[in-house]
Amino acid sequence: MGSARRICAGVFVLAEAACIESQAPGAGTATTSTGEPATTEAPPDEPDTTSTTNVIEPTTSTATASSTTDEVPTTDVPGPMCGDGVIDPGETCDLGADNSNNGACTMMCHPAVCGDGLLWIGEEACDFGPGNVGSYGGCTPECELAPYCGDGDVDAGHEECDLAALNGTGMSLGDDAACSALCGWVGRIGFVTSAVFDGALGGLSGADLQCINLAEAAGLANANTFRAWLSDGVDSPLTRFEQIDLAGVPYVLLSGRVIADSFAELVTDGPRTGISMTELGASIFQKSVWTNTDPFGEVFSASEHCSGWTTADPDSGTRMGTNAPLVEVGPEWDEWQQQRHWTSALQSSCDKPRRLYCFEDGWRED
């Protein structure tokens, strides 16, 4: 063994490294050719791939961007807008918090004008936009109220009455009836017909139909309830009228003048005024009217009634009244009222042209 080491040392110097590597771990300290101990550096440590102690696992961060960056949050600043108090492009006014659709500057930042459909309080009485045409109950092109119920003026074709603030209160002026909130008389209309008829009326029902037709043609409300103040040998207004006792709803002329407060007053005291207006609103006086009705609303004659109002025979006759004196003062007026000449004045043959009294026998509250 000793000769082998010498050969290795002397002859195979160049193979020194190989001889050193052949030594087993812990076999001794290697020497150089000069006999000095050889120094070797230990190879660098390799990572132990079988160990888990040094393995860095990937991690997921939950930190927000603001925690890892230096970004500064920003605040949105609104741009120009209607209501900011500044007149911006596209705006013609801007009063800020004072913008109002009822004021001088609208919520759209445009000046209020008549016709925009917005009511400028204090400057306009109304504003219906394209509807400002001045029709009844509407608005004029100048944004003023057109004629309407409550203005104190009676507008023909629309109103029977207009007592302004008294409308709908049940209060009246003078001898007139009260005026409703819708500008209609609070009462049942009574009129003398504009048309004349002989005694062949088609019976009591035919006479009622004449009243209905005339009321409809004149545009009167509740026209189908009108009945003739007429009696045959059996029936009379006292038995035919349905709404005799109706408190607070007087009989009135088309002018609103009260004829009587009730049926009872009409037959007990007679009319307060002459029944002098037709269904058309025309005034007529001293006209003869078919009735066959006594002052108490009952049959005047059980036999003389133009054969139940079916004939114009000149040899037949019946009772008639006179509708109104020319003047409601003096002896003529006193006699007409006291003697109840309105319903029972003279006898007439059935062929003569006479008129009818028509009374509204129904009530439709506004």
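Computed from a predicted structure; not experimentally measured.
- Put simply, the side chain of Tyr357 gets close to the backbone of Trp342: a donor and an acceptor are under 3.5 Å apart.
- Two residues are said to be in side-chain contact when any heavy atoms from C-beta on lie closer than 4.5 Å; Thr291 and Phe300 fail this criterion.
- A side-chain N or O of Ser194 and one of Glu279 form a donor-acceptor pair less than 3.5 Å apart.
- Residue pairs meeting the salt bridge (Lys or Arg N to Asp or Glu O under 4.0 Å) criterion with at least one member in residues 160-171: none, sequence neighbours excluded.
- A side-chain donor-acceptor contact under 3.5 Å links Arg355 to the backbone of Thr193.
- Side-chain polar atoms of Thr318 and His305 form no donor-acceptor pair below 3.5 angstrom.
- Between Asp294 atom CG and Ser344 atom OG the span is 7.5 Å, to the nearest 0.5 Å.
- Between the side chain of Arg240 and the backbone N or O of Leu238 there is no donor-acceptor pair closer than 3.5 Å.
- If you check the side chains of Glu265 and Tyr251, you find no donor sitting under 3.5 Å from an acceptor.
- To the nearest 0.5 Å, atom CG of residue Asn132 and atom SG of residue Cys143 are 4.5 Å apart.
- Using the six-membered ring where Trp is involved, Tyr136 and His158 have ring planes that are parallel, under 30° apart on the 30 and 60° scheme.
- With hydrogens and angles disregarded, no donor-acceptor distance shorter than 3.5 Å links the side chain of Arg188 to the backbone of Phe359.
- In this structure, a donor-acceptor pair under 3.5 Å is absent between the side chains of Thr293 and Ser236.
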